[in-house]
Amino acid sequence: AWSLTAITGVGGSETMGGATLYFPPTTAGYRISSAITITASSLIMQGGPAKIIIDAGATAFTAAGSPDQSPMIVQDLHFAGGATAINTGTNAVNRPLIADRCKFINQTGAGIQLGVSLIAATIKECTFAGCHYGVYLSGSSTDMTLIDHNIFIYNNDYDIYVGSAA
């Protein structure tokens, strides 16, 4: 598998309006052993589709805030294993998340975990299978979240968990 440790410095270009991180298809997949923090102003992560293998106990991607509230878009990526695939964190992450046509398989935490201060999220046409939680929402992240046309299969605890900020 390919290693993604060298991609931690991906950042957006203000003149281009952000960055696009493309994962070409590969039979081996891409391995993540520790969280990659997304700091780009606007970021599109797109696969061809591509498989992301997450080491046990690891989170694949965490989101940092965006000064202009630009979205983090994740499309056509297939996440396998690990603790959590996408985590918007517990800090004030003032950026929308859009997950489209992704697969989240066997995460011991959540496929997608939305933090307490997320602006909005759209999760559509994704598959969640064998995760502890498919989608975990807490606090105000529950206010502006659209979960549409997704498939939930044999998730261990909840397909969609709605918690409180407390």
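Every value quoted in this text rests on a predicted model; they were computed, and no experiment measured them. Basis for what follows: all heavy atoms, side chains included, without hydrogens, waters or symmetry-related copies. Throughout, numbering of the chain's residues begins at 1 and tracks the sequence.
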[X] and [Y]: same hydrophobic cluster, using ILVMFWY side-chain contacts below 4.5 Å?
X    : Y    : answer
Y158 : Y136 : yes
F23  : I44  : no
I98  : L146 : no

Item to check | F152, CZ atom: more than 12 neighbouring heavy atoms under 6.0 Å | outcome: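 Atom CZ in F152 is crowded, with more than 12 foreign heavy atoms closer than 6.0 Å.
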Give, for atom [atom1] of [X] and atom [atom2] of [Y], the distance between the pair rounded to the nearest 0.5 Å.
X    : Y    : atom1 : atom2 : value
C102 : H78  : SG    : NE2   : 7.0 Å
L114 : I147 : CG    : CD1   : 7.5 Å
D148 : D100 : CG    : CG    : 10.5 Å
T145 : I123 : OG1   : CD1   : 6.5 Å
I86  : I112 : CD1   : CD1   : 4.5 Å

Next on the checklist: For a side-chain contact (heavy atoms from CB on, under 4.5 Å) check, start with the C-alpha distance between H132 and N156, then their side-chain angles and the critical distance, and finish with the verdict.
Outcome noted: CA-CA 5 Å; H132 188 68; N156 299 329; 4.2 Å; yes
Using a 3.5 Å cut-off and no angle test, enumerate the donor-acceptor pairs between side-chain atoms of residues 45-61 and protein atoms at least two apart in sequence or in another chain.
unit_1 : atom_1 : unit_2 : atom_2 : d
Q46    : NE2    : Q75    : OE1    : 3.2
D55    : OD1    : R31    : NH1    : 2.6

Checklist entry - Any salt bridge (Lys or Arg N to Asp or Glu O under 4.0 Å) pairs touching residues 75-86, not counting sequence neighbours? => result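 Every pair satisfying salt bridge (Lys or Arg N to Asp or Glu O under 4.0 Å) with a residue in residues 75-86: D76-R101.
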Item to check | Worked check of side-chain contact (heavy atoms from CB on, under 4.5 Å) between H149 and K124 | outcome: CA-CA 6 Å; H149 289 90; K124 62 181 182 173; 5.6 Å; no
May I ask you to decide if [Y]'s main-chain N or O and [X]'s side chain share a donor-acceptor pair within less than 3.5 Å?
X    : Y    : value
Q107 : I105 : yes
N155 : C131 : yes
Y30  : P24  : yes

Next on the checklist: Using side-chain heavy atoms (C-beta onward) and a distance below 4.5 Å, is F128 in contact with N150?
Outcome noted: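 Contact flag for F128/N150 side chains = yes.
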Checklist entry - Is there a side-chain contact (heavy atoms from CB on, under 4.5 Å) between L137 and I160 once you walk through the steps? => result CA-CA 8 Å; L137 301 106; I160 302 169; 3.5 Å; yes
Checklist entry - Taking only residues two or more places apart in sequence or in another chain, which ones pass ring-ring contact (aromatic ring centres under 6.0 Å, His included) with F79? => result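 Per chain and number, F79 pairs via ring-ring contact (aromatic ring centres under 6.0 Å, His included) with F104.
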